Amino acid sequence: MTTTLENQATTALNTVLSDMTVYDHEQVVFCQDKATGLKAIIAVHNTVCGPALGGTRMWNYTSEADAVTDVLRLSRGMTYKNALAGLNLGGGKAVIIGDSKTQKNEALFRRFGKFVNSLSGKYITAEDVGISPKDMTWVNMETNHVVGLPGKSGDPSPVTAFGVYTGMKACVKQQFGTDSLSGKKIAVQGVGHVGEYLVKHLTEEGAKVYISDINEEALKRVASTYKAEVVGLNEIYDLDIDVYAPCALGATLNDDTLSRLKCSIVAGAANNQLKQEDKHGKLVMDKGIIYAPDFMINAGGVINCYAEVASLTPGWALAKAEEIYTTTTNILKRSKESNIPTYAIANKLAEERIEALGKSECQCN
Ligand code: NAD
């Protein structure tokens, strides 16, 4: 006779396995340790192009089911980002369930590091939301499969910002015939790690830059350093501008904002900018706005991590991030010719590379 617990476990397992099938995940590892209070999930989505690389996020999820959904979605996103950037990396991600302000300690991260190590390099981790370099140093005490540590490739934000800048120039070239940003009106939402470096590139090239942020201190500093104009958190969607660069939150391309935006280009670092990929990806195109797919244009960060994995130089990482210009140009061209939204073209290109490498792998076996 089966118990209630067995029934619940079977239902939960069936749900995860069916989600893994829908998203086509290779492996999901549930990690639990009573002594440290660790509850984590590592999702390896696809390793056809190489080991699965993606950061670890620490978040106080409202339910364990939410954590599963998040890690499945994020790890799949990494597969597409890494494949499209032409890196020899697959996609993975990890989440630690807990409050990053109160529940962090050395023992917890070292226990997590042991779980990462148990995958023998199939999953390589890095910092993500809620995780600091210090936390990753603890993880690194138990496993070498960590990148982006202080003293190594470090903060990826400057390379991410450079990639966004170069991809934005490719969009401007398509829309205005020249890729110069001089005199262009550009709104940067969020002047954190990536946003500030992006503002620097834009103002150096003579763009008129508007900024918004919930962090008043960062806002004041960036405004005075780069002569950028501060605008309200909500006002940013109504500005008469050329480019909107979301560098804070996801889902800012939605029913509300798309009826307000007056820009002709959206190019920014934030992940998951389209609230509903299919619906808003099509809407943005129908409005005549050029949308640079987020996982294409913000790949500079993971390029920087890959440089560390493959022992390549910072110069290599910058040159690789500069290729985002060509990738953007190709995707915009294909989108224009086929009238298919840019995000869908980018997805297809990533899938084509994975499929081609998957086939060559099959032939080798
Ligand atoms: P960050 O936390 O350093 O900066 C985000 C900034 O946005 C903060 O200053 C925050 O105060 C601000 N913000 C939050 N809510 C806001 C709102 N409603 N309006 C305006 N500003 C708001 O993060 P980051 O590392 O700069 O990353 C920015 C975005 O780019 C994130 O979505 C991140 O996932 C994505 N991204 C970052 C990298 C990287 O290398 N750091 C790589 C790829 C993607």
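Nothing here was measured: the structure is a model prediction, and the numbers come from that model. Indexing begins at 1, ligand by ligand and atom by atom, following the structure's order.
At a 4.0 Å heavy-atom cut-off, ligand 1 touches Cys247 through the backbone alone. In Leu249, the part holding a heavy atom less than 4.0 Å from any atom of ligand 1 is the side chain. Residue contacts with ligand 1, taken as heavy atom pairs separated by less than 4.0 Å, involve Leu233 solely via side-chain atoms from C-beta onward. For Thr160, every heavy-atom contact with ligand 1 shorter than 4.0 Å involves the side chain, none the backbone.
The protein reaches atom 18 (N) of ligand 1 closely, with a heavy atom under 4.0 angstrom from it. For atom 2 (O) of ligand 1, no protein heavy-atom neighbour is found at a distance under 4.0 Å.
Looking at Glu217 and Arg221, no side-chain N of the basic residue comes within less than 4.0 Å of a carboxylate O on the acidic one, giving no salt bridge. Under the 4.0 Å criterion applied to side-chain N and carboxylate O atoms, Glu205 and Lys184 are not assigned as salt-bridge partners. Between Lys220 and Glu216, none of the side-chain N atoms (NZ, or NE/NH1/NH2) sits under 4.0 Å from a carboxylate O, so this pair counts as no salt bridge. Salt bridge annotation for Asp128-Lys93: present, with a cationic side-chain nitrogen under 4.0 angstrom from a carboxylate oxygen. Here Asp238 pairs with Arg260 in a salt bridge; the nearest charged N to carboxylate O distance falls below 4.0 Å. By the 4.0 Å N-to-carboxylate-O rule, Lys359 lies close enough to Glu355 to be salt-bridged with it.
Judged purely by atom type and a 3.5 angstrom limit, Glu277 has no side-chain atom pairing as donor or acceptor with the backbone of Tyr343.
The nearest heavy-atom contact from the protein to atom 30 (O) of ligand 1 is Ala269 O, 3.3 Å. In terms of protein heavy-atom proximity, atom 33 (C) of ligand 1 is closest to Asn271 ND2, 4.0 Å. For atom 22 (C) of ligand 1, the closest heavy atom belonging to the protein is Ala248 CB, 3.5 Å.
Taking the side chain as every heavy atom from C-beta outward, Tyr197 and Thr160 never approach each other to under 4.5 Å. In this structure, the side chains of Arg334 and Leu349 come closer than 4.5 Å at one or more pairs of heavy atoms.
The residue among Val188, Val194, Thr252, Val164 with a heavy atom at the shortest distance from atom 37 (C) of ligand 1 is Val194. By heavy-atom distance, the residue among Asp213, Asn215, Val129 lying nearest atom 8 (C) of ligand 1 is Asp213.
Considering backbone and side-chain N/O of Gln189, none are found under 3.5 Å from N/O of ligand 1. For ligand 1, none of its N or O atoms has an N or O atom of Asn298 under 3.5 Å away. Remark: ligand 1 and Val191 share no N or O pair separated by less than 3.5 Å (distance only, no angle test). Taking only nitrogen or oxygen atoms, main chain and side chain alike, His193 reaches within less than 3.5 Å of ligand 1.
Heavy atoms of Ala218 stay at 4.0 angstrom or farther from ligand 1.
Both the sub-6.0 Å distance and the 45° axial angle are not jointly satisfied by Lys320 relative to the ring of Tyr306.
Summarising the geometry of Thr329 relative to Ala170, their closest heavy-atom pair is OG1-CB, 3.6 Å, with the distance given to 0.1 Å.
In summary, the atoms of ligand 1 found under 4.0 Å from a heavy atom of Gly192, numbered by their order in the structure, are 3 (O), 4 (O), 6 (C), 9 (O), 26 (O).
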